[in-house]
Amino acid sequence: MSFSKTIMLRNYDGETFVVDEVVAVEPQTIEHMIEDGCANTSIPLPNITSKILSKVIEHCKKHVETPNSNEKDAKADLKSFDFDFVKADQGTLFDLILAVNYLNIKGLLDLIYQTIADMIKGKTPEEEEEMRRVNAWVFSCFVGVTCLYFKSKKI
Amino acid sequence: MSFKNIVREFKEMTTDGIGSMSRRRGGEGKQKQWRNCTRAHVVPDLVAPECTTEGRWAHLPPELLLDIIRRVEESETSWPARTTVVYCASVCKPWRDVTKEIVKTPEECGRLTFPISLKQPGPRDSPIQCYIKRDRATSTFRLYYGLTPSEDESDKLLLAAKRIRRATSTEFLISLVADDFSRASSTYVGKLRSNFLGTKFSIYDSQPPNDEAFQANHSRSSRRFHTKQVSPRLPACNYNIATISYELNVLRTRGPRRMNCSLHYIPISSIQEGGTAPTPKSFPQENLLPSTSSSLSSSLSLPLPLSSPLVKEKPLPGDACNDYLVLKNKSPRWHEQLQCWCLNFKGRVTVASVKNFQLVASVGSSDNVSDAEQNKVILQFGKIGQDIFTMDYRYPISAYQAFAICLSSFDTKPACE
């Protein structure tokens, strides 16, 4: 019984991705759906865009295809793939983390958590300020709420 | 307050750490203005504006945020790297809530993070080690976190004190920063005052250590009274949290002096089996925002009748304990061969000085305190060089209390030596 079965994933944009089952079951959410018999037609993933879904599939494929051996080369190859994989802008990382959390892919989730944590730790003060500036509307509300309330009418 | 001002202040904040991170909200001028606006305008609940692409990180689901910030907190354990954890708490409110949830008190994890850590009891097992630098020229004393001064002077400043000599007493004003000792400032923590002879000192704190007891009694779960109320704001005054007294040793005229320190807000039960010491969760200014309780009625809360049993269960703020803890200094032994008084400072004190001391709990046999607890050195202070002193403290006292007690050692007059 070795024919490769494929699974269809239909995403937010309406686009359909056809992936091998071995790849598709990397995300635990999809694995459970298949087990529960909900994957007869296509699996809907309405909250994930094409760009993010294709990235996720690429990651799952790579990890499935790489032999699970203790060979240095294989491990190094995987590590360098992961390293390049998370070199994305903040917006993409944000979407990725939400998608991977929904799909429940533990390995990838840990990788993204660590990437974001490292970004927070390794930030230069300018980058830190940029992040705060970007979120300043929330922070200013929280911190200076009384100041804004009393000082200006236009919040 | 324009957007530009907020960004400028964040820029200033990046160069500071524990001293002013979470407390300099909108600058000191603003803090003063807020204090002056005492008419109780209830600030409306925040309604988050439309989520833009830029502000998305504020809306990351809490469980994801928890994991990320936990990783940051677990890897950045010592200063100055620990500033990153404080940064996470200052990004936005959701991040702050998650970070405050993750960061444990010094008693639990042995690390200092937010300024409030300085008012929370130290760890039970091993002391937190700090050192004090004295600057004779400016009469200031600075408390740093670390074993000894580092080569590059990058140590974390925890507290600073300035001595002010008056006609009949001396005062030490204690602040979170080294350049501002103004009582109206948001960085003011408390003070130490001595009597004329320099034999008795009182430590004052701008908030009572058992703040949480007051808040617990007045929380939403208190159904006895109508709960729609502005979060209780304690009167802005100084609370006498401890008294230190020095006595001349009458047995030997040149012997070591005797020290007694009464900690009015720490009960003896804190060092008994299963006991706890008061642990404030936040500075008084942070309690000024209204509690968002669902109201049972729309009327304001009624004043608590003093005869209410609910009031008698826990001490109110401003009320010291009846059975408070007293510390005394460990008596040195006379070393006949060396012809000097000796105390085992375990290598943390290297220069002989009358200022050196070790404080242990002073308990009677009826107080039900184990021998191990009785022998624990709760505070150790001593000289290691010209104007450099080490200070090691542990549960149940906090960094602030320890610092203030050590400051008293600098001011005792010849009358008690």
Side-chain angles (χ1 to χ4, degrees), chain A residues 47 49 52 86 89-106 108-155, chain B residues 1-3 5-11 13-15 22 24-27 29-31 33-34 37 41 43-44 46-49 52-61 63-65 67-76 81 83-85 87-88 90-97 288-289:
Chain A
N47 50 354
T49 61
I52 298 298
V86 288
D89 61 285
Q90 280 191 20
T92 308
L93 270 179
F94 185 85
D95 293 331
L96 255 178
I97 198 177
L98 291 182
V100 174
N101 180 48
Y102 172 72
L103 293 171
N104 200 359
I105 309 172
K106 182 155 190 336
L108 183 51
L109 200 55
D110 282 342
L111 174 66
I112 300 178
Y113 280 152
Q114 196 54 48
T115 306
I116 298 176
D118 290 339
M119 280 170 69
I120 291 174
K121 286 188 296 187
K123 273 191 181 314
T124 60
E126 289 79 55
E127 288 172 331
E128 198 73 51
E129 187 200 297
E130 175 64 20
M131 189 152 178
R132 281 207 211 93
R133 183 196 70 77
V134 151
N135 291 289
W137 65 262
V138 180
F139 188 37
S140 64
C141 290
F142 146 64
V143 155
V145 64
T146 51
C147 312
L148 290 175
Y149 188 83
F150 288 114
K151 290 294 286 181
S152 89
K153 308 288 184 209
K154 45 166 176 77
I155 294 179
Chain B
M1 187 180 170
S2 73
F3 210 72
N5 285 342
I6 298 170
V7 173
R8 196 180 310 125
E9 263 148 34
F10 289 156
K11 229 181 194 153
M13 276 194 206
T14 57
T15 56
S22 51
R24 278 173 51 180
R25 306 124 141 252
K30 302 291 174 278
Q31 200 69 25
Q33 281 176 326
W34 164 239
C37 300
H41 262 284
V43 176
L46 295 173
V47 175
T52 62
T53 321
E54 286 100 335
R56 297 162 98 190
W57 290 99
H59 295 280
L60 201 59
E63 62 272 15
L64 303 184
L65 204 50
D67 212 289
I68 294 170
I69 297 183
R70 183 176 287 138
R71 281 163 194 259
V72 175
E73 197 272 335
E74 280 168 5
S75 63
E76 312 287 52
T83 338
T84 314
V85 180
Y87 283 159
C88 287
S90 53
V91 170
C92 56
K93 191 166 189 328
W95 282 54
R96 186 177 184 77
D97 292 341
L288 293 176
L289 293 176

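Order of the sequence lines fixes the chain letters, A, B, ..., with proteins taken first and strands second; residue numbering starts at 1 for each chain. Being a predicted model, the structure only gives us computed values, none of them experimental.
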> Report yes if the side chains of Ile120(A) and Val91(B) come closer than 4.5 Å at any heavy-atom pair, otherwise no.
no

> Please give me the minimum heavy-atom distance between Lys121(A) and Thr84(B), naming the atom from each residue.
CA-CG2, 3.7 Å

> What distance do Tyr113(A) atom OH and Asp67(B) atom CG have between them, rounded to the nearest 0.5 Å?
4.5 Å

> Within the 4.5 Å heavy-atom criterion, are Asp95(A) and Arg56(B) side-chain neighbours or not?
yes

> Salt-bridged, Asp118(A) to Arg71(B), with N to O below 4.0 Å?
no

> For Trp57(B) and Gln90(A), which heavy atoms make the closest approach, and how far apart are they?
NE1-OE1, 3.1 Å

> In Å, rounded to the nearest 0.5 Å, how long is the span from CG of Leu60(B) to CG of Asn101(A)?
8.5 Å

> So which atom in Leu98(A) and which in Pro61(B) form the shortest heavy-atom distance, rounded to 0.1 Å?
CD2-CD, 3.4 Å

> Say you draw a straight line from CD1 of Ile68(B) to CD1 of Ile112(A); how long is it, rounded to the nearest 0.5 Å?
9.0 Å

